[in-house]
There are 2 protein chains.
Amino acid sequence: MARAATTSDVFNAVAEPRRREVIDLLAGGERSVGELVSALGTPQPQVSKHLRVLLEVELVSVRREGRHRLYRLEGQGLKQIHDWVGAFAPLWQERLDALDAVVQQLKTEEEGVSSDE
Amino acid sequence: MARAATTSDVFNAVAEPRRREVIDLLAGGERSVGELVSALGTPQPQVSKHLRVLLEVELVSVRREGRHRLYRLEGQGLKQIHDWVGAFAPLWQERLDALDAVVQQLKTEEEGVSSDE
DNA sequence: AGCAAACATTCCTATATAGGTATATATTGC
DNA sequence: GCAATATATACCTATATAGGAATGTTTGCT
């Protein structure tokens, strides 16, 4: 089998860089497809297709406003990712702490020796 | 073009459910391929291939221990995802707050009226 | 009704997998 | 060196896209 469908889950949906860009843009508020197209510099059909995927995993919602379609970011879907990845926070935190320790160590050594620059 | 390579970035790497499972297992500490294979119930070659992908995006590291290869989770790579998705936290937070407000509202109404139910 | 604007959808193509199966490589013990 | 264990890699196949181009479809205006 090939990779799982992008519409299967949120992780897959945001795996595509262009879609993350769309999400970034929508973070600023509702946007019409046309606005997204100009902002992204991507052909309109592609943008529409990415929006469709985001819509299917419910990362965005739409409403009509005259001839325009205003897409809106629905952040809750991202919470799932945040929760999963957040569980591992202690791991990189640990690393950062370890780095701090090393830096401190170097600093102390430097003060003590201060031989070569 | 098809989808971007899974080895291109961390987002793509974790888009695959099985790889997230591997990461979950490695959260418990170093594991050999064999241990992962039994835990996942997935054929060994597949597991090795998933590990290769995770290795290329540096989400894991390996060291040899006799005939075994012990894989270790390198959490820092996940920080990237956490940071990106974390920027949208206010959005679902907002929603939760809104929900709270609605619940409060209903509660108040219920107390005030207490007609049906 | 007729036309244009704003999007969505369809069709086609190239490609990157994910899984399955078989095989290669490395390490340990005898 | 040889067999066995533990992993990695190679090869093959089916499939889900992502992008490009063309065409539908809905809405607003006159």
Side-chain angles (χ1 to χ4, degrees), chain A residues 1-26 30-73, chain B residues 1-26 30-73:
Chain A
M1 234 193 272
R3 204 185 297 190
T6 55
T7 53
S8 61
D9 73 342
V10 182
F11 286 91
N12 253 306
V14 304
E16 161 66 42
R18 208 75 44 120
R19 280 196 289 265
R20 286 200 297 275
E21 284 186 61
V22 170
I23 291 175
D24 287 334
L25 287 171
L26 291 179
E30 281 186 330
R31 296 281 184 260
S32 70
V33 178
E35 291 175 314
L36 294 174
V37 168
S38 356
L40 293 168
T42 308
Q44 175 265 314
Q46 268 77 311
V47 174
S48 282
K49 278 187 279 189
H50 284 311
L51 285 169
R52 183 101 162 83
V53 172
L54 293 175
L55 199 58
E56 284 190 44
V57 297
E58 299 184 297
L59 274 177
V60 302
S61 58
V62 219
R63 72 184 179 87
R64 325 193 62 131
E65 174 86 20
R67 285 185 284 200
H68 298 268
R69 290 199 178 204
L70 300 179
Y71 281 84
R72 177 183 158 79
L73 181 57
Chain B
M1 232 192 277
R3 203 185 296 190
T6 54
T7 54
S8 61
D9 74 341
V10 183
F11 286 91
N12 254 304
V14 305
E16 162 65 42
R18 208 75 44 121
R19 281 197 287 267
R20 287 201 297 275
E21 283 186 59
V22 170
I23 290 175
D24 287 335
L25 287 171
L26 290 179
E30 281 187 329
R31 295 282 184 261
S32 70
V33 178
E35 291 176 314
L36 294 174
V37 167
S38 356
L40 293 168
T42 309
Q44 174 266 315
Q46 269 76 310
V47 174
S48 282
K49 279 186 278 188
H50 284 311
L51 285 169
R52 183 101 162 83
V53 173
L54 293 175
L55 198 57
E56 284 190 46
V57 297
E58 298 183 296
L59 274 177
V60 302
S61 58
V62 218
R63 73 184 177 87
R64 325 193 61 131
E65 175 86 17
R67 286 183 283 201
H68 298 267
R69 289 200 179 203
L70 300 179
Y71 281 83
R72 176 183 157 80
L73 181 58

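The analysis underlying the following values was restricted to heavy atoms, covering all of them including side chains, and did not include hydrogens, waters or symmetry mates. Sequence lines set the chain letters: A, B, ... in the order given, protein chains first and strands last, and positions in each chain run from 1.
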S.K.: Need one value for B:Thr42: base, sugar-phosphate or nothing, where a base atom within 4.0 Å counts as base even if backbone is also close, heavy atoms only.
M.R.: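 It contacts nothing in the nucleic acid.
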
S.K.: Please report the distance, rounded to the nearest Å, between CD in A:Glu35 and P in C:dA5.
M.R.: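 These atoms are roughly 18 Å apart.
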
S.K.: With sequence neighbours excluded, tell me which residues meet side-chain hydrogen bond (donor to acceptor under 3.5 Å, both in side chains) with B:Glu16.
M.R.: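 In terms of side-chain hydrogen bond (donor to acceptor under 3.5 Å, both in side chains), with neighbours along the sequence ignored, B:Glu16 is linked to no residue.
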
S.K.: Provide, to the nearest angstrom, the distance between the CZ atom belonging to B:Arg63 and the P atom belonging to D:dA8.
M.R.: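 Roughly 14 Å, once rounded to whole Å.
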
S.K.: At under 4.0 Å, does any side-chain N or O of B:His68 touch on OP1 or OP2 of C:dT27?
M.R.: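 Checking B:His68 against C:dT27: no side-chain N or O falls below 4.0 Å of OP1 or OP2.
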
S.K.: Quick one: list whatever passes ring-ring contact (aromatic ring centres under 6.0 Å, His included) with B:Tyr71, sequence neighbours left out.
M.R.: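 Residues passing ring-ring contact (aromatic ring centres under 6.0 Å, His included) with B:Tyr71: none at all.
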
S.K.: Which residues pass the salt bridge (charged side-chain N to carboxylate O under 4.0 Å, His left out) test with B:Arg20, not counting sequence neighbours?
M.R.: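 Residues passing salt bridge (charged side-chain N to carboxylate O under 4.0 Å, His left out) with B:Arg20: A:Asp9.
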
S.K.: Let's see if you get this right: which residues in residues 13-26 of chain A place a heavy atom under 4.0 Å from DNA chain D?
M.R.: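 Under 4.0 Å from DNA chain D: A:Glu16, A:Arg18, A:Arg19.
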
S.K.: Side-chain polar contacts of residues 39-59 of chain A - donor-acceptor pairs under 3.5 angstrom, sequence neighbours left out - could you list them?
M.R.:
| unit_1 | atom_1 | unit_2 | atom_2 | d |
| --- | --- | --- | --- | --- |
| A:Gln44 | NE2 | A:Ser48 | OG | 3.0 |
| A:His50 | ND1 | A:Arg19 | NH1 | 3.2 |

S.K.: Would you kindly compare A:Val53 and B:Arg52 by the position of their nearest DNA chain D nucleotide and give the one closer to the 5′ end?
M.R.: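 That would be B:Arg52.
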
S.K.: Just to verify, what does A:Arg69 make a salt bridge (charged side-chain N to carboxylate O under 4.0 Å, His left out) with, not counting sequence neighbours?
M.R.: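 Once residues adjacent in sequence are excluded, A:Arg69 has no partner under the salt bridge (charged side-chain N to carboxylate O under 4.0 Å, His left out) criterion.
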
S.K.: Applying salt bridge (charged side-chain N to carboxylate O under 4.0 Å, His left out), name anything that partners B:Arg67, two or more places apart in sequence or on another chain.
M.R.: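 Once residues adjacent in sequence are excluded, B:Arg67 has no partner under the salt bridge (charged side-chain N to carboxylate O under 4.0 Å, His left out) criterion.
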
S.K.: Once you round it to whole Å, what is the distance between P of D:dA16 and CG of B:Asn12?
M.R.: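 It is 17 Å, rounded to the nearest whole Å.
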
S.K.: Show the numbers, then the answer: is there a side chain to side chain contact (heavy atoms under 4.5 Å, CB included) between A:Leu36 and A:Leu26?
M.R.: CA-CA 9 Å; A:Leu36 294 174; A:Leu26 291 179; 4.2 Å; yes

S.K.: Taking salt bridge (charged side-chain N to carboxylate O under 4.0 Å, His left out) as the definition, give me every residue that meets it alongside B:Glu35, ordered by chain and number, with sequence neighbours left out.
M.R.: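 B:Glu35: no salt bridge (charged side-chain N to carboxylate O under 4.0 Å, His left out) contacts found.
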
S.K.: Pull out every residue in residues 44-51 of chain B that has a heavy atom closer than 4.0 Å to any atom of DNA chain D, ordered by number, or say none.
M.R.: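 Contacts with DNA chain D under 4.0 Å: B:Gln44, B:Pro45, B:Ser48, B:Lys49.
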
S.K.: Using side-chain hydrogen bond (donor to acceptor under 3.5 Å, both in side chains) as the criterion, list what pairs up with A:Arg31, not counting sequence neighbours.
M.R.: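 For A:Arg31, no residue satisfies side-chain hydrogen bond (donor to acceptor under 3.5 Å, both in side chains) once neighbours in sequence are set aside.
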
S.K.: Between B:Tyr71 and D:dA6, is there a contact of a side-chain N or O with OP1 or OP2 at under 4.0 Å?
M.R.: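 No, no such contact exists.
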
S.K.: In whole angstrom, what separates A:Glu30's CD from C:dC7's P?
M.R.: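 After rounding, the gap between these two atoms is 12 Å.
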
S.K.: Sugar-phosphate atoms are those with a prime plus P, OP1 and OP2; base atoms are the rest. Using that split, label each nucleotide of nucleotides 25-30 of chain D B, S or - for protein heavy atoms under 4.0 Å, 5' to 3'.
M.R.: -SBS--

S.K.: For A:Arg64, what residues pass the side-chain hydrogen bond (donor to acceptor under 3.5 Å, both in side chains) criterion, not counting sequence neighbours?
M.R.: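 Counting only residues at least two positions away or on another chain, A:Arg64 forms no side-chain hydrogen bond (donor to acceptor under 3.5 Å, both in side chains).
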
S.K.: Could you state the atom-to-atom distance from CG of A:Leu54 to C1' of D:dT17 in whole Å?
M.R.: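 The distance from CG of A:Leu54 to C1' of D:dT17 comes to 15 Å, rounded to the nearest Å.
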
